[in-house]
Amino acid sequence: MVSAQTDAAGARAIARCDALGVAPYSDSETGLYRAWLSPAHAAAQEQLADWMRHAGMDTRVDAASNLIGRYEGTSTGLPALLIGSHLDSVRDAGRYDGPLGIMLGIECVAALHAAGRRLPFAIEVIAFGDEEGSRFPASMFTSRAVAGTLIEDALEGVADANGISVAEALQDWGLAASTIHQAARAPEEVIAYLEAHIEQGPVLEAEGLALGVVTGIAAQLRFEVSVRGRAGHAGTSPMPLRFDALTAAAECVLAVEAVAREAGSDLVATVGRMQVEPGATNVVPGRVTFSLDVRAGENATRDVGAAEILRRFDAVAAARGVRVEATKVQDLAASPCDTHLIELLAQAVEAQDIAPRRLVSGAGHDAMVMRALCPTAMLFIRCDGGISHNPAERASAADAGVAVAAMLDFIERLGVARGN
Ligand code: HGY
Ligand code: MN
Ligand code: MN
């Protein structure tokens, strides 16, 4: 149940997210951007490790750069409940998307440690380094490494906008692409993965609920799209003779929106990033590259939507005499949470006198990757206006405190279920 201790824990969790929202824990002078394997990531990880040790955990950094704090159970070496989320952020980010789930995990262990409480399992709090994919084109490299699903050549040729490869960035951290797979955990070492995360949507706030229980995570596809036309002089190229890559790309972007709107389902599709070359006022653009993000609760809905979008790209290419190539860079299937853990989490939420609202997550999370390793559960925390991926992102200390209470209740219920 909620207490002065859990209220204080919630306030500390929010304050720590705020503390990590500024330099040196941000790679940006203005606002928050914390990229995987960046100086800000290193600084934030060092501060987190300190907080983990203070909460009674031993800490280590795994072969994929993830920070892991471990709190032993009733005997040393027991399989662990993993509680985690991600430490990286999008550009111009909010402060709670990711870090709040890590801080709440630390607060749960701190409370157990202060009470001298040990469970029939260990607890590990894990701060994943890359969930957003904001530095490199794909994402979830570090949870995929832990789940053992990061295929060897997935890092091959993957570089950031400055041409720095993942291999080089890992090397700067004293790690190596050739050994990143050593971060993989054996299934017998882990009993479950719990992620607490802001909802990043409006449902809980609209229904006056502090917490929600996630039933599953939407499927998502990511593409890198290249439009090749022909660069030309802005003053001497007659309109009918142009092969303008940007106007073709613009037509593609509107097709993305049209397909998602026409679907009349939970299909959503987004073009979030675009690069225009050569990018000069007096040159008809010759090449445009842009990102494409397609999601839906079900794989089939996502795939049908993506196929229609690509078909319309082909139609634009044919009509305008340009080349449009879409390369799939990420394919994350819809990821249901574990029914038994959903039930335990719903009971834990109800024990806080909150109706256990079940809902699907439209946002992706490391939990969708961790499902390959172990059963997963996600707890949503209300956020103001459902705003996220935006500096205006807010979560309250009171709701964070209720989340700590519910998570501690969940941990005890899991202990009972495992016969402590
Ligand atoms: O894109 C997502 O849904 C998550 O924030 N990475
Ligand atoms: Mn997140
Ligand atoms: Mn995010």
Side-chain angles (χ1 to χ4, degrees), residues 13 17 20-21 26 31-36 41 44 66 83-105 126-144 147 193-204 212 214 216-224 260 266-273 291-297 302 306 328-335 337 359-371 376-383 386-395 400 403:
C17 291
L20 293 189
S26 171
L32 174 56
Y33 171 47
R34 188 163 47 241
W36 182 33
H41 178 196
N66 300 305
I83 302 177
S85 196
H86 58 96
L87 193 49
D88 66 320
S89 81
V90 293
R91 293 171 188 279
D92 205 19
R95 296 175 170 180
Y96 310 99
D97 169 9
L100 184 57
I102 301 165
M103 302 307 171
L104 293 174
I126 184 164
F128 289 114
D130 165 64
E131 186 274 343
E132 297 288 4
S134 50
R135 176 175 180 183
F136 300 99
S139 75
M140 310 236 189
F141 281 122
T142 54
S143 44
R144 282 191 272 165
Y193 173 74
L194 169 64
E195 181 163 1
H197 201 289
I198 51 170
E199 179 201 341
Q200 300 178 294
V203 171
L204 294 178
V214 177
I217 302 168
Q220 56 173 277
L221 288 173
R222 277 191 191 186
F223 295 87
E224 284 293 299
D266 64 352
L267 179 73
V268 287
T270 312
V271 174
R273 173 175 36 82
S291 63
L292 173 61
D293 178 311
V294 183
R295 308 188 193 196
R302 172 202 70 175
K328 189 188 295 182
V329 293
Q330 181 152 293
D331 179 342
L332 290 171
S335 169
C337 294
L359 64 171
V360 172
S361 172
H365 302 284
D366 288 303
M368 67 200 300
V369 166
M370 292 299 282
R371 183 172 174 258
T376 61
M378 279 200 78
L379 177 69
F380 266 174
I381 295 124
R382 170 171 49 190
C383 59
I387 296 169
S388 184
H389 284 188
N390 179 318
E393 189 180 275
R394 286 286 175 283

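As the structure lists them, so they are numbered: ligands from 1, and atoms in each ligand from 1.
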May I ask you to say whether Glu132 pairs ionically with Arg91, meaning some side-chain N is under 4.0 Å from a carboxylate O? no
Looking at Asp97, the N/O/S atom that lies nearest to the Mn ion (ligand 3) is called OD2
What is the name of the N/O/S atom in Glu132 that sits closest to the Mn ion (ligand 3)? OE2
With atoms numbered from 1 as shown, which atoms in ligand 1 lie under 4.0 angstrom from a non-hydrogen atom of Ala363? 3 (O)
Pairing donors with acceptors under 3.5 angstrom, does anything connect the side chains of Ser143 and Glu131? no
Ligand 1 and Gly364, any nitrogen or oxygen pair closer than 3.5 angstrom? yes
At a 4.0 Å threshold, what atoms of ligand 1 neighbour a non-hydrogen atom of Arg295? 1 (O), 2 (C), 3 (O)
A side-chain contact here means heavy atoms from C-beta on lying under 4.5 Å apart; do Leu20 and Met103 qualify? yes
Centroid separation His86 to His41 less than 6.0 Å: no
Within the structure, does Gln220 bring an N/O atom to less than 3.5 angstrom of an N/O atom in ligand 1? no
Going by the order shown, which atoms of ligand 1 are within less than 4.0 Å of some heavy atom of Glu132? 4 (C), 5 (O), 6 (N)
Tell me, please, if His389 has any N/O/S atom, main chain or side chain, under 2.8 Å from the Mn ion (ligand 3)? yes
In the structure I gave you, are the side-chain heavy atoms of Ser361 and His197 within less than 4.5 Å of one another anywhere? no
Counting heavy atoms only, which part of His389 comes closer than 4.0 Å to ligand 1: side chain, backbone, both or neither? side chain
Closest non-hydrogen contact found for Ser291 with Gly272 is OG-N, 3.2 Å
Ignoring hydrogens and angles, tell me if any N or O in the side chain of Thr142 forms a donor-acceptor pair with the backbone of Gly129 under 3.5 Å. yes
